[in-house]
Amino acid sequence: MSQRVLLHVGTPKTGTSGLQDVLFRNRERLLEHGILYPAERFDAHFLAALDLMRLPWGGLETEAFGAWDDLAAQVRAHEGTAIISHEILATASRSQVGRALESLGHRADGTGAEVHVVLSVRDLVRQVPAEWQENVKHRSTITFERFLEQLRDPARESRIATWFWGVQEIPDILDRWGHALPPERIHVVTVPAPGGPPDLLWQRFTRAFGLDGLELDLTVERANPSLGAPETALVRRINQAVNQRLEPADYRPLVRELLAHRTLSQRSRSPRLALPPDVHPWAADLCARWVEEVRARGYDVVGDLEDLRGPSASTAWADPDAPSETQVAGAAVDAIAALLLDNARLSHEEQRLHAELAETREALQRSYLRPSYRLRERVVGRLQGGRVGRAALGAYRAVRGRSSRSA
Amino acid sequence: MSGTPGEGRAWAWLDHLQAGGTTPWARWSAEVPTRGRVLPGAQQLELLRRLNLAGGVSPRLAQRVLGASAPGRGRPDLELVGATEVRGFGWAPVDPADLPDDELVRVATGLVAEDVREAAARASDPAAAAPRTARPVLQRVRTAWPWARRAPAYRLAGDPWLGSLWRRELAAAGRPPGGRAPEVLVLAGPLSVGLAHTWSARSAGVDGAPPWPQWLAATTERRHVPRPLDVAAVADRWATRVGRERVRVVVDLDRLPAVVDAPVRPQAPRLSGDAVELVRRVGVGLGLLVLPRARQELLRGVLVPMLHDLPSATAGPRLVVPPEHHRWVARRSVQVRAAVLRAGYPVLGDPDALVDAPDALAEAEGAPPSDAAVLDLAVALLRRHDDRGATSPATPTIPTTREDER
């Protein structure tokens with residue numbers, strides 16, 4: 001059984017993709033130091049989280065059956081430290097948390113594995129626009145204004161509000177995940193305020209996960225980069241145009257990956273998404289209350305809780321619901337260029353495959369022309385012409401056991 | 001373990017519910033010392049109370065209910081009002097009696113989905129299978145070797161829900177579809193009924209469907225009727241494969257058994273709109289447990305027969321088209337009949353039966369699915385599965401060919 005389990009349960013948009021990428025690519029090196037990151041594929045922990053929480057996710061859930069139990073079994077079988085990380089775990093219910101902890105070896109009497117919960121957190125001032133953008137990158141067509149209305153509705157009945165508060169309400173997440181654990185086993189990692197050293201967040205993760213002193217390849221291949229206001233507005237318009245016609249399996253590589261992540265995120269000079277000035281005080285006030293709540297609970301804070309208060313209101317706010325059309329047009333030109341280049345690449349690939357197919361067909365034709373094949377073909381044709389012949393052929397194929405029976 | 005008086009009251013109420021009690025939370029006053037890790041959510045506790053009101057459940061099912069979380073996205077497990085200290089964050093605690101039925105349906109359908117999967121697994125276990133009723137030898141031979149019968153071969157197309165139900169019934173009667181050079185029978189009826197049937201088939205299908213009002217609104221925004229209901233087009237597609245002379249439109253379903261030479265006269269039972277909505281919602285939960293094709297087989301081969309055995313699932317109100325769509329349906333139904341007559345395929349029954357007259361649509365009796373009725377059905381199913389324990393359900397044998405979508 002793992003002696004120590006580090007369970008990173010969120011929150012989204014706190015550098016989790018980068019962290020998971022580093023852990024995944026360095027898993028063999030980590031194992032040499034007794035640290036298990038159990039993943040055969042990059043999204044293994046995501047699938048396990050879907051399975052634990054029985055969440056549908058555009059068809060990916062069908063790849064997730066039994067994934068949590070498999071993950072937990074690997075953790076239990078490991079002697080040493082194990083790390084599990086996925087941000088959607090933040091929304092797990094109390095009974096799902098109970099099941100997760102138990103499956104990882106936690107025991108209420110303290111005899112089981114030493115489970116630690118890690119929660120990386122960022123202020124709502126930055127998280128709210130980031131979550132709207134994330135919704136847009138998952139096909140949503142909701143405006144930023146409507147999104148904010150739904151979040152601020154005290155009833156929290158909308159689909160967007162239930163998800164947002166489930167993965168972002170820090171004290172509630174810590175209540176659900178930390179209920180059965182002593183406060184010293186709860187680690188709150190704060191995302192540094194804007195403008196800090198670029199590797200400060202990684203240093204904090206390193207401390208929280210006990211990776212100090214390990215030589216890891218920190219090249220991040222998978223990240224979840226952010227878009228500016230006009231770029232997000234463009235993706236929302238694209239969603240409105242293609243949602244009815246583009247299957248989820250096509251949307252993911254084309255819109256989310258090619259357009260949003262690989263193309264539009266490169267446009268760093270456009271205005272960034274931010275809270276409207278009139279909404280900023282609401283978010284800042286909520287953050288201030290969370291800071292006091294988390295401080296009072298005595299958790300291990302990695303970083304500075306003051307980071308959670310967030311930046312001050314933007315003086316030049318750009319409304320993504322009424323963006324500069326010039327900027328949107330610029331983003332659209334970049335998007336068209338990316339699609340053309342990708343189309344050209346696919347076209348070349350298609351030509352190459354056509355050539356390969358023609359070669360294969362030619363080779364097949366040559367084999368058909370062999371006298372032995374033509375003789376067999378004639379015999380089979382003759383036999384199929386009569387009832388007795390068909391029966392004999394059926395018997396022969398049954399004995400031989402070839403799939404050609406149905407041909 | 002100590003706790004606040006409110007927590008003690010909540011733990012005592014939990015004990016009461018586990019013992020089969022039915023007192024609502026608002027009228028509960030006794031306390032016991034707190035224990036355990038966390039209290040179940042208000043949704044789980046109220047669902048257990050509803051099950052108790054319906055006659056009670058086994059300790060095993062009670063434990064399953066209390067430990068269940070609703071699958072998919074939605075409100076989390078909620079706290080009981082008065083049981084916990086007021087917090088400045090999180091969802092507001094609730095009186096479970098005030099919860100919308102939809103919240104309880106979310107939890108209940110997740111449990112029904114588990115039951116359906118378990119029932120199918122048990123049915124496929126030969127050791128646990130119930131002894132089959134002996135069928136006449138001739139009927140068994142015909143089922144096993146359709147080509148050995150003398151009756152003409154046939155296939156069913158058109159209305160996907162009717163096709164699914166009749167295939168099952170006719171297969172059980174020893175006259176499964178198939179055989180050499182089959183006659184294709186395109187099942188059809190009034191468009192309003194066909195729409196309800198198509199939604200039913202999609203709800204119990206591979207991909208599932210949105211709720212009836214949304215599905216209907218999206219359908220009537222299009223110019224064309226759903227593909228399986230475009231009777232002439234379905235007949236044309238089959239005609240290109242088997243020849244025009246082997247395609248017939250069947251409007252009068254009472255004559256179907258005679259046409260296919262069924263040795264018995266099957267009566268395909270119908271499901272209420274609430275029952276189909278339950279199928280749809282169980283399908284959502286089942287989609288998180290099995291692959292899409294298996295989900296369809298379990299919904300049609302296990303859940304639908306379970307519902308056929310439940311009187312309230314067959315006696316409830318049927319689905320009707322709401323007034324805002326009457327004009328579209330009436331106009332399109334006239335077009336469907338005209339296309340059939342123009343195409344010239346033989347029609348078994350009166351082609352006028354394909355038409356939805358505006359008066360008839362206005363007078364049709366029925367209701368859209370209601371959460372309360374769906375919850376009642378889910379509670380009844382959970383209790384029935386709980387009672388039956390190891391009883392084997394119907395084996396999922398229903399043919400699920402691609403004809404459904406034609």
Side-chain angles (χ1 to χ4, degrees), chain A residues 50-57 59-66 88 90-99 101-102 106 108 154-177 179-181 244 247-248 285-290 292-294, chain B residues 1 35-45 63-79 84-85 87-92 94 98-100 102-103 106-107 109-111 113-114 117 206-208 218 221-222 283-295:
Chain A
L50 289 184
D51 183 43
L52 175 74
M53 299 185 289
R54 292 201 183 164
L55 278 176
W57 207 281
L60 280 176
E61 65 276 8
T62 59
E63 298 175 35
F65 305 146
I88 65 166
T91 196
S93 71
R94 288 172 295 175
S95 58
Q96 288 159 348
V97 167
R99 192 191 144 206
L101 294 181
E102 193 178 327
H106 171 74
R156 300 178 169 189
E157 283 175 347
S158 71
R159 187 179 154 85
I160 279 175
T162 52
W163 178 261
F164 179 86
W165 294 113
V167 296
Q168 293 294 352
E169 195 160 32
I170 296 164
D172 192 45
I173 297 166
L174 291 167
D175 261 0
R176 279 181 274 123
W177 275 102
H179 187 277
L181 301 174
Q244 296 293 327
E247 294 292 326
D285 178 56
L286 211 48
C287 287
R289 280 190 275 152
W290 290 0
E292 296 316 313
E293 180 72 32
V294 173
Chain B
M1 196 180 287
R35 62 177 193 280
R37 198 176 66 80
V38 286
L39 271 166
Q43 296 97 320
Q44 289 76 11
L45 292 164
Q63 277 313 113
R64 284 181 59 213
V65 172
L66 295 173
S69 284
R73 296 187 184 197
R75 288 209 279 180
D77 301 346
L78 300 168
E79 307 267 10
T84 54
E85 293 170 1
R87 306 183 304 170
F89 51 84
W91 270 257
V94 294
D98 294 339
L99 282 170
D102 173 66
E103 286 290 331
R106 284 183 62 220
V107 180
T109 49
L111 291 164
E114 290 175 359
R117 184 180 60 168
V206 172
D207 299 320
E221 272 176 18
R222 299 189 194 109
V284 174
L286 208 49
L288 301 166
L289 302 174
V290 298
L291 292 170
R293 178 56 65 180
R295 169 171 70 173

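As the structure is a prediction and not an experimental result, all values here were calculated from the model. Below, chain A is the first sequence line, B the second, and so on; all start at residue 1. Just so it is clear, the values below take in all heavy atoms, side chains as well, and ignore hydrogens, waters and symmetry mates.
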| message | Quick check: closest heavy atoms across B:Pro292 and A:Thr62, and the distance to 0.1 Å? | response | CD-CG2, 3.8 Å
| message | Taking the six-membered ring of A:Trp165 as reference, does the cationic atom of B:Arg75 (NZ for Lys, CZ for Arg) lie under 6.0 Å from its centre and within 45° of its axis? | response | no
| For B:Ala218, is it the side chain, the backbone, both, or neither that has a heavy atom closer than 4.5 Å to a heavy atom of chain A? | neither
| task | Using the test side chain to side chain donor-acceptor pair (under 3.5 Å), find all partners of A:Ser158 that sit at least two apart in sequence or belong to another chain. | result | A:Gln150
| Those residues that, when tested against B:Ser69, pass side chain to side chain donor-acceptor pair (under 3.5 Å) (two or more places apart) | A:Ser93, A:Ser95, B:Asp77
| said: Salt bridge check, A:Arg54 against B:Glu114: does any charged N sit closer than 4.0 Å to a carboxylate O? | reply: yes
[X] vs [Y] side-chain heavy atoms within contact, under 4.5 Å:
X	Y	value
A:Asp172	B:Arg87	yes
A:Arg156	B:Trp91	yes
B:Leu288	A:Pro56	yes

| task | Side chain from CB out, backbone as N, CA, C, O: work out which of these in A:Glu293 comes under 4.5 Å of a heavy atom of chain B, or both, or neither. | result | side chain
| task | Please determine which of A:Leu286, A:Asp175, A:Ile170 meets the side chain to side chain contact (heavy atoms under 4.5 Å, CB included) test together with B:Phe89. | result | A:Asp175
| field | Most chain A-contacting option - heavy-atom pairs closer than 4.5 Å, from B:Gly90, B:Gly287, B:Pro71, B:Gly110 | value | B:Gly90
| task | Look up atom CG in A:Asp51 and atom CG in B:Leu289, then write down how far apart they are to the nearest 0.5 Å. | result | 9.0 Å
